[in-house]
Amino acid sequence: MPGFFSWISGLFNSTQPVPQAASETRLFNPSSTSQPSQSNDEGDIVGQLEDHLFSWLLDVEPARLHASTDSGEKELAELKRRLQMNEMEELPRKPGSLPMLMRALSNEATERKELTRIILSDPSLTDQLLQVANSPYFRPSEHVIESVDQAVFVLGVDGIRNVIAAAVMRPMMAARNSREALFAQRSWRWGLTCARAAEMIAKIHRDDTSAHFMVGLLPALAYITIRRELGRIYRTRGSGSEPEPALLRLALARYQWATCQLLANVWNLPPKYHAWLLSAERPAPRQAHSALTDGLLLGTREVLRHARQRNLSEENLIRIVHLSPEQLGRVRTVLLRMLQEGKSSQVRT
């Protein structure tokens with residue numbers, strides 16, 4: 001597919017604006033494998049799940065998500081222009097050590113000592129990695145991981161890949177002020193849950209697990225990026241301190257996938273990341289669900305369920321996610337344990 005990847009490479013070039021975006025896209029796009037009436041029902045189900053997610057992330061009642069956004073159209077147009085022209089001021093820059101780390105991690109011959117050396121060459125990454133490795137989401141036991149070499153040894157290559165991906169993105173998603181604290185905290189929890197779900201489903205499909213973990217984090221990073229960019233536009237234009245929840249919801253829904261693609265492009269992630277993102281956004285008819293699609297669906301459902309928010313019924317979950325009951329049960333067990341341990345850690349601290 002050389003033509004597609006050439007298009008992706010120039011998608012956000014400042015001299016080549018992207019094609020006009022649809023008025024609104026969906027985060028969840030199950031492929032059409034059934035009769036049109038059943039596909040419409042599934043679209044309604046996942047549309048409701050997305051509304052439940054936005055309601056939780058933005059901490060507002062569902063009715064406020066669909067209020068009028070007419071007063072913010074100029075700000076939305078400016079957000080669209082910045083995205084098209086690659087002028088997003090809040091877009092996270094590519095971490096300097098990321099290319100070297102990705103090469104090392106993709107090479108099965110890379111030794112533990114070499115991987116440790118690369119991580120230690122970036123002091124900020126070293127600090128973040130130890131914090132993430134000792135978080136309840138990743139630590140395999142109660143014993144504290146005290147060094148990078150110990151982390152690589154205890155977690156193994158696959159485990160350390162995921163910790164590195166989380167450590168690279170965690171500072172970008174940390175709250176900068178009290179206004180975004182709850183949104184950032186919930187987005188991070190949601191992103192980690194979806195990433196872990198995508199990783200485990202990729203393992204079932206015998207696909208690249210660590211790459212799916214990283215691509216599973218991109219929507220959460222895209223959300224915090226869009227929120228910050230729209231907030232910056234509001235402050236610059238004197239439109240008010242913060243955009244209204246309905247406008248934020250519209251911005252997130254409208255530009256979530258384009259921002260994910262921009263992040264993958266600016267960070268020079270391999271072409272397969274672009275392909276997975278495109279497949280999740282616009283699946284071909286009768287296409288089997290990708291690990292990313294099912295990971296987002298299942299991760300969102302479980303994080304909302306654990307937060308005691310409205311979500312998907314068991315019947316609809318089984319209907320939407322393309323996993324056997326046994327596979328679904330295994331993934332959900334791991335996600336539930338992760339969410340419970342994460343909540344217990346927050347209570348203790």
Side-chain angles (χ1 to χ4, degrees), residues 1-22 24-27 29 76 78-106 125 161 164-173 187 191 194-195 198 202 207-208 210-230 232-233 251-284 290-293 295-296:
M1 299 166 62
F4 165 72
F5 293 124
S6 298
W7 173 76
I8 281 291
S9 299
L11 183 59
F12 297 102
N13 187 285
S14 59
T15 60
Q16 296 181 1
V18 295
Q20 295 292 315
E24 189 169 330
T25 60
R26 278 184 166 170
L27 176 66
N29 299 286
L76 276 180
E78 173 61 13
L79 176 64
K80 178 181 178 180
R81 187 196 68 80
R82 293 186 183 192
L83 183 59
Q84 289 178 331
M85 305 304 290
N86 194 8
E87 294 179 4
M88 298 271 282
E89 296 181 43
E90 294 290 350
L91 193 79
R93 295 181 179 178
K94 179 178 68 176
S97 55
L98 185 63
M100 190 184 304
L101 279 168
M102 291 192 71
R103 285 195 299 271
L105 290 169
S106 63
L125 176 61
R161 282 182 178 133
I164 288 171
V168 163
M169 294 193 192
R170 182 67 187 94
M172 304 171 189
M173 297 191 63
S187 295
C194 291
D207 208 338
D208 190 331
S210 59
H212 273 90
F213 183 89
M214 187 165 188
V215 79
L217 283 172
L218 287 181
L221 183 57
Y223 278 14
I224 194 73
T225 300
I226 292 169
R227 188 190 190 282
R228 287 171 176 167
E229 194 72 28
L230 191 58
R232 177 181 285 270
I233 292 170
L252 294 172
R254 189 176 287 183
Y255 301 120
Q256 53 198 345
W257 290 114
T259 305
C260 285
Q261 290 282 12
L262 178 55
L263 282 164
N265 202 46
V266 169
W267 286 16
N268 293 323
L269 296 180
K272 63 185 177 183
Y273 286 78
H274 293 287
W276 289 333
L277 291 168
L278 188 65
S279 176
E281 179 188 5
R282 296 197 294 271
S290 67
L292 177 58
T293 297
L296 288 170

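Quick note: residue numbers are just sequence positions, from 1. Side chains included, hydrogens not; waters and symmetry mates left out as well; all remaining heavy atoms used.
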Taking all atoms of both residues into account, what is the closest heavy-atom pair of Ala291 and Ala202, and its distance?
CB-N, 3.7 Å
Kindly write out the residues that satisfy side-chain hydrogen bond (donor to acceptor under 3.5 Å, both in side chains) with Arg170, not counting sequence neighbours, or none if the list is empty.
none
What distance separates Met169 CE from Leu217 CG, expressed to the nearest 0.5 Å?
5.0 Å
To the nearest 0.5 Å, what is the distance between OG1 on Thr259 and CD1 on Ile224?
12.5 Å
I'd like to know whether Leu125 forms a side-chain contact (heavy atoms from CB on, under 4.5 Å) with Leu101, so could you lay out the CA-CA distance, the side-chain angles of the two residues, the decisive distance to 0.1 Å, and finally the verdict.
CA-CA 11 Å; Leu125 176 61; Leu101 279 168; 3.4 Å; yes
Not counting sequence neighbours, which residues clear side chain to side chain contact (heavy atoms under 4.5 Å, CB included) with Asn29? List them please.
Arg26, Trp257, Pro283
If you take all heavy atoms of Thr225 and Glu90, which pair is closest and at what distance?
CG2-O, 3.8 Å
For Leu79 and Glu229, what are the C-alpha separation, side-chain angles and deciding distance, and is it a side-chain contact (heavy atoms from CB on, under 4.5 Å)?
CA-CA 7 Å; Leu79 176 64; Glu229 194 72 28; 3.7 Å; yes
Residues in side-chain hydrogen bond (donor to acceptor under 3.5 Å, both in side chains) with Glu281, at least two apart?
none
Please give me the minimum heavy-atom distance between Met214 and Leu98, naming the atom from each residue.
CE-CD1, 4.0 Å
Is a side-chain donor or acceptor of Gln261 paired with a backbone partner of His274 at a separation under 3.5 angstrom?
yes
Can you see which heavy atom on Cys260 is nearest to which on Ala222, and at what distance?
SG-CB, 3.8 Å
For Ser290, the side-chain hydrogen bond (donor to acceptor under 3.5 Å, both in side chains) test, sequence neighbours excluded, returns Thr293
Just do the salt bridge (Lys or Arg N to Asp or Glu O under 4.0 Å) check on Arg81 and Glu78 with the steps written out, would you?
CA-CA 5 Å; Arg81 187 196 68 80; Glu78 173 61 13; 3.0 Å; yes
Quick one: closest heavy-atom pair of Ala251 and Leu230, and the distance?
CB-CD2, 4.0 Å
Listed partners of Ala220 passing side chain to side chain contact (heavy atoms under 4.5 Å, CB included), at least two apart:
Met173, Trp190
Would you sort out whether Val215 and Leu269 count as a side-chain contact (heavy atoms from CB on, under 4.5 Å), showing the intermediate values?
CA-CA 10 Å; Val215 79; Leu269 296 180; over 6 Å; no
Minimum heavy-atom distance between Thr25 and Gln256, given as atom pair plus value:
O-NE2, 3.5 Å
If you measure from CG on Leu83 to CD1 on Ile226, what distance do you get to the nearest 0.5 Å?
7.5 Å
Residue set satisfying side-chain hydrogen bond (donor to acceptor under 3.5 Å, both in side chains) with Ser279, at least two apart, ordered chain then number -> Gln287
Side chain to side chain contact (heavy atoms under 4.5 Å, CB included) partners for Ala211, two or more places apart:
Asp208, Lys272, Tyr273, Trp276
So, using side chain to side chain contact (heavy atoms under 4.5 Å, CB included) as the criterion, who are the partners of Pro99 when residues are at least two apart?
Lys94, Arg103
Nearest 0.5 Å, please: how far is CG in Asn86 from CG in Leu91?
7.0 Å
